[in-house]
Amino acid sequence: MKHAKPTVDKTMLAYCGLYCGQCAFKTAHDTGDSKHLAAIPYRFTVRDLSVYNCGGCKGVCICGVCKIKPCASARNIDSCADCTDFPCPQITAFEQDGIPHHKSAVENLRTIRQYGIAHWFAQLTPALRCPHCGERQSWYYTCQEHGNT
C-alpha cells in the first residue's frame with residue numbers, strides 16, 4: 001500500500017531539533033489513538049487525549065517549561081542549528097537529560113546545519129509511518145503488526 005510522503009512542515013521543527021510530528025502526545029491527539037501514550041515511559045501518566053491538542057514548539061505548545069525556546073525565539077532563528085553559539089550548554093544539557101528522544105536533538109541539528117532541513121526531513125520521513133501499512137508512528141510507538149522495519 002503506497003502512502004503520500006509527508007512534506008516538511010518547518011513549524012513542526014522544534015527549536016531544539018526535535019520534530020513535533022513525532023511526539024507521542026501530539027500523534028495521539030492527531031490520530032485519536034491512545035496507544036502512542038501507552039508506549040511513553042512510565043513517568044508520563046496522563047492518558048486523556050483531549051489535553052494534548054498541541055500546535056508544536058512554535059505554536060501553542062504543551063511541553064512545559066523550556067529554556068531553549070525563549071533563547072531561540074529571542075535570537076529570531078528557526079532552530080538552534082542557525083545559532084552562532086551552537087552547540088551551547090543548554091542544548092547539550094537537553095540532549096543528555098535522560099529522556100530517550102532528546103538524545104537525537106543535537107545530531108538532528110548538526111544534520112540540519114550541514115545539509116539543510118529538507119535533507120534532514122528526508123532521512124526522518126521513514127520513521128513517521130510504517131512502510132508497509134502507513135500507520136503513523138511516534139517516538140515511542142512503532143507499528144505493532146510490522147515492527148520497526
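Excluded from the calculations below are hydrogen atoms, water molecules and symmetry mates; all remaining heavy atoms, backbone and side chain alike, are included.
When all heavy atoms of Cys16 and Leu109 are compared, the pair lying nearest together is O-CD1, 3.1 Å. Across all their heavy atoms, Pro70 and Cys66 have their closest contact at CD-O, 3.0 Å. Minimum interatomic distance between His119 and Thr111 (heavy atoms only, all atoms of both residues): CD2-CG2, 3.9 Å. Heavy atoms only, all atoms of each residue included: Cys133 and Cys143 are closest at SG-SG, 3.8 Å.
With hydrogens and angles ignored, the 3.5 Å screen pairs no side-chain donor or acceptor of Gln114 with any backbone N or O of Ile112.
Applying the salt bridge (Lys or Arg N to Asp or Glu O under 4.0 Å) test to residues at least two apart or on different chains, none of the pairs has a partner in residues 105-123. Applying the salt bridge (Lys or Arg N to Asp or Glu O under 4.0 Å) test to pairs two or more places apart or on separate chains, those with a residue in residues 22-34 are Lys26-Asp30, Asp30-Arg136, Asp33-Lys35.
Here the straight-line distance linking atom NZ of Lys58 with atom NZ of Lys69 works out to 10.0 Å at 0.5 Å rounding. Interatomic distance, CG of Asp82 versus OH of Tyr15, reported as 10.5 Å (0.5 Å rounding). To the nearest 0.5 angstrom, Asn108 atom CG is 8.5 Å from Leu13 atom CG. Here the straight-line distance linking atom NE2 of His102 with atom CD1 of Ile91 works out to 9.5 Å at 0.5 Å rounding. Here the CG atom belonging to Leu124 is positioned 9.0 Å from the OG atom belonging to Ser104, to the nearest 0.5 angstrom. Here the OG atom belonging to Ser138 is positioned 7.0 Å from the CD1 atom belonging to Ile40, to the nearest 0.5 angstrom.
Linking ILVMFWY side-chain heavy atoms closer than 4.5 Å, directly or via other members, places Ile99 and Phe94 in a single hydrophobic cluster.
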Could you walk me through whether Thr27 and Tyr140 pass the side chain to side chain contact (heavy atoms under 4.5 Å, CB included) check? CA-CA 11 Å; Thr27 303; Tyr140 300 104; over 6 Å; no
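With sequence neighbours excluded, the residues forming a ring-ring contact (aromatic ring centres under 6.0 Å, His included) with Tyr141 are His36, listed by chain and number. Gln22 is linked by a side-chain hydrogen bond (donor to acceptor under 3.5 Å, both in side chains) to Trp139, counting only residues two or more places apart in sequence or in another chain. Listed by chain and number, the residues in a ring-ring contact (aromatic ring centres under 6.0 Å, His included) with His29 amount to none (sequence neighbours excluded).
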Distance-only check: which donor-acceptor pairs under 3.5 Å involve side-chain atoms of residues 72-81, not counting sequence neighbours?
{"unit_1": "Arg75", "atom_1": "NH1", "unit_2": "Asp85", "atom_2": "OD2", "d": "2.9"}
{"unit_1": "Arg75", "atom_1": "NH2", "unit_2": "Asp85", "atom_2": "OD2", "d": "2.9"}
{"unit_1": "Ser79", "atom_1": "OG", "unit_2": "Ala81", "atom_2": "N", "d": "3.2"}

